[in-house]
Amino acid sequence: MDWGMANRLNRMIDPQTGKIVMLAVDHGYFLGPTSGLERLGATIEPLLDHADALMLTRGALRRWVDPARRVPVMLRMSGGTSIVSNDNGASALSNESLAVSIDDALRLNASGITCSIFVGTEHERQTLENLTDLIDAGQHYGLPVMAVTAVGREMVRDLRYLGLCTRIAAELGAHIVKTYYCEGFEKLIEATPVPVVIAGGKKIPEREALELAHRAISAGAAGVDMGRNIFQSRAPVAMIRAVRAIVHQGAGVDDAWSLVAGELE
Ligand code: 5RP
């Protein structure tokens, strides 16, 4: 691996622990003004000191992140569809294209670039091509690529499906893969030869979100790329600190929860 690529990965994945806590706030690229992100800048400001990387769109980055902040950026490169996209009555969410040029990603000083893949959907091939185009461009400039295994409504979030997606993404050359936690996650980790991070998914009670992070880390995940379970919590700073304790310090759920419980009263 060349120096620039290795350096960018090491800026995001802590070389001391081999782990990462990424804060995902890219939801607006297809969901619009997601609850908690209406004033994205104010929401993330207290969280940035606790994030190893920030996943967001270029529009949000330009508008809401002070360039003096030293947080590494994982730039969302795919887009072009929305929650109300419609293809003869069926969801067309998977019909994504690449929406940012590699030049602009470099101009924005991204540490990593990312796109979604929609395996098993009508647009599987197109989204896998988006990924390989990004990987080739990333190879040229030393920019690592994270593949996001998006799950269509018709897909089941089980080991068979998610394991298929993460292995394909890694085989195609992704440097990091983001997916969902599932039963048997350690098998997915064994068969995916790059670091795997989990999304948090919809907001759930704080202790359950910590349990989810703990199960993923215990099964061998390299970390989390969590959004709603942090920024939609009533105690977002306590939540990200608790998640950090699990990811970087190997804290148990009770210890992590003790950082949050008092803040929710
Ligand atoms: C959507 C994404 C989002 O960043 C991710 O799912 C958000 O994280 P969370 O589910 O934890 O809110 O990649 O495709």
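All values derive from a computational prediction rather than experimental measurement. Whatever order the structure lists them in is the order used to number ligands and atoms, beginning at 1.
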For [X], the ligand 1 atoms whose distance to one of its heavy atoms is below 4.0 Å:
X    : result
M226 : 11 (O)
M55  : 4 (O), 13 (O)
R228 : 9 (P), 10 (O), 11 (O), 12 (O)
A24  : 4 (O), 7 (C), 8 (O)

Nearest heavy-atom approach of M77 to A105 is CE-CB, 3.8 Å
Non-hydrogen side-chain atoms of R244 and Q249 separated by less than 4.5 Å:
no
Atom 6 (O) of ligand 1: closest protein heavy atom, distance to 0.1 Å, is K178 NZ, 3.8 Å
Tell me, which protein residue and heavy-atom name are nearest atom 4 (O) of ligand 1, and how many Å apart are they?
D26 OD1, 2.4 Å
Pair [X] + [Y], salt bridge at N-O below 4.0 Å:
X    : Y    : value
K19  : D14  : no
K203 : E206 : yes
R69  : D66  : no

Consider ligand 1: state whether an atom of it lies below 4.0 angstrom from any non-hydrogen atom of G201.
yes
Can you tell me how far the CD1 atom of I230 sits from the CD1 atom of I44, to the nearest 0.5 Å?
12.5 Å
Please say whether [X] places an N or O atom under 3.5 Å from an N or O atom belonging to ligand 1.
X    : answer
A199 : no
F30  : no
V148 : no

Tell me, yes or no, whether the heavy-atom count around E186 atom CD, taken from other residues, nucleotides or ligands under 6.0 Å, exceeds 12.
yes
Name of the residue among D26, D103, D104 meeting salt bridge (charged side-chain N to carboxylate O under 4.0 Å, His left out) with R58
D104
Filtering H27, M146, R76 for the heavy atom nearest atom 1 (C) of ligand 1 leaves R76
